Amino acid sequence: MSSPRLEVDLRKIRHNTRTIVDSLKIRGICVTAVTKAACGHPAIARAMLDGGAAGLAEARLSNVKRLRQAGTTSPITLIRTPMLSQADDVVEVCDASYNTEISVISALAAAALRQKTVHDIVLMVEMGDRREGIMPQDLGDVARRVVDMPGVALKGIGANFACLSGIAPTAAKMQVLSALANDIEGQCGPFIETVSGGNSANLPWAFGACATGRINDLRIGEAILLGVDPVTGDQIGGMYRDAFTLVAEVIETDAKSVHPLVGNSDHTLAKIRLVPDISKITRIILAIGHQDTDAAGLSMPAGTTLIGATSDHLVIGTKNPTLRVGSEMRFNMNYSAVMRAMAAPDIQTNLRHDRGPPNAHDVDGPSKHLASV
Ligand SMILES: *Cc1c(COP(=O)(O)O)cnc(C)c1O
């Protein structure tokens, strides 16, 4: 098998998705699975749908197109505010998009009218993360303009937390979002179908005892892929943390740490050198670097430390004497390491436990999303 490679265990992704879907179902919340860290990889998206996700969400149109080209027919929502220049393509390949700018919504509406369709709009509300969002006091006004605009339909509202600011959502903020959904229905009329409370950082709130109110959707990426709470980095009970493994090959061992032989006849020194030094750290170099992943996001195996990385080299110190030129090393990864590796042209993706595309006789899981058209 060639390296460097990313081994992706789809069974673990199905399991992680199913665990979150089942825990949230009893709280009245659906899971929209976020594929952006996997660059819209069709088999990873399929594993999320097999695990019970209600639909998919992506940040980039290029990734949505990749999913569509692979035959994905499930609903896909664009969760990054669309670029004005991409309005036509957004309407063509996405069922809905998250929006904050009325000029963009107008362009989506015009594109939808041209394509004789209706594009669903979810309005993103700013609730403290200070990234994208409409200020709560302006939401009613924007919502009314969307409702009055032919070509688009107001599908819901959403909020996002812990991305730019790192601040996790609170029960109080979730109550405010619920109240905003009720207010908008009062002001504009239509039923607000989706109230999307946030991302993986919302899970501690969602698994907790607080009332979920109107929140009926969460957009989950990191927790499905890596089994962790992104705010604390803690493992979520019953989930796999190692669905992704990076494998890299050793290309040099120990060249710099070999002590130059001392031309010295002192036999006490010679004797000392004959005692094997089990604490000795060997420097080795692997054929992987910043261009392939986030080196700081790799977890080093026991007895191994990261010395440094450059664009194409990873230098580590290890006590493992069996590592030789040609040996492979395996690393668990954090979110930024996975995200970079998935996007890196030189990293091959190897799927484990791939069930392949669903067939028409499948009655559960993906068939309801991937029905032939
Ligand atoms: C990336 C993103 C998500 C998913 O976040 P995770 O932490 O991976 O669960 C959800 N919503 C928006 C708007 C995002 O940009």
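Keep in mind it's a predicted model, so treat the numbers as computed, not measured. Both ligands and their constituent atoms are indexed starting at 1 by order of listing. Along the sequence shown, residues carry numbers from 1.
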Protein residue, atom and distance nearest to atom 8 (O) of ligand 1, heavy-atom basis: E222 N, 2.8 Å

For the pair D242 and K12, find out whether any cationic side-chain nitrogen is under 4.0 Å from an anionic carboxylate oxygen. yes

Ranked by distance from atom 11 (N) of ligand 1, the top protein heavy atom is R219 NE, 2.9 Å

Ligand 1 and E132, any nitrogen or oxygen pair closer than 3.5 angstrom? no

The closest protein heavy-atom partner of atom 9 (O) of ligand 1 is S200 OG, 2.5 Å

Measuring from non-hydrogen atoms of R80 to any atom of ligand 1, is the shortest distance under 4.0 Å? no

Taking only heavy atoms of M124 into account, list the atoms of ligand 1 that are under 4.0 Å away from them. 13 (C)

Output all residues satisfying side chain to side chain donor-acceptor pair (under 3.5 Å) with T35, sequence neighbours left out; order by chain, then residue number. E58

Around atom 1 (C) of ligand 1, find the nearest protein heavy atom and jot down its residue, atom name and distance. K36 NZ, 1.3 Å

Please say whether V34 places an N or O atom under 3.5 Å from an N or O atom belonging to ligand 1. no

Could a heavy atom of E58 be found less than 4.0 Å from some atom of ligand 1? no

Between the side chains of S200 and E222, is a donor N or O closer than 3.5 angstrom to an acceptor N or O? no

Of the protein's non-hydrogen atoms, which lies at the shortest distance from atom 5 (O) of ligand 1, and what is that distance? N199 CB, 3.3 Å

Would you please name every residue forming a side chain to side chain donor-acceptor pair (under 3.5 Å) with D95, sequence neighbours left out? R68

Against heavy atoms of I220, which atoms of ligand 1 measure under 4.0 Å? 9 (O)

Electrostatic pair D354:R46 at N-O distance under 4.0 angstrom: yes

Closest non-hydrogen atom pair between A111 and D88, with its separation: CB-OD1, 3.4 Å

Taking side chain to side chain contact (heavy atoms under 4.5 Å, CB included) as the criterion, tell me which of T212, V31, T32, L203 meets it with L218. L203

Heavy-atom distances under 4.0 Å are what count here, so tell me which part of M339 touches ligand 1: side chain, backbone, both or neither. neither

R80 bridged to E132 by N-O distance under 4.0 Å: no

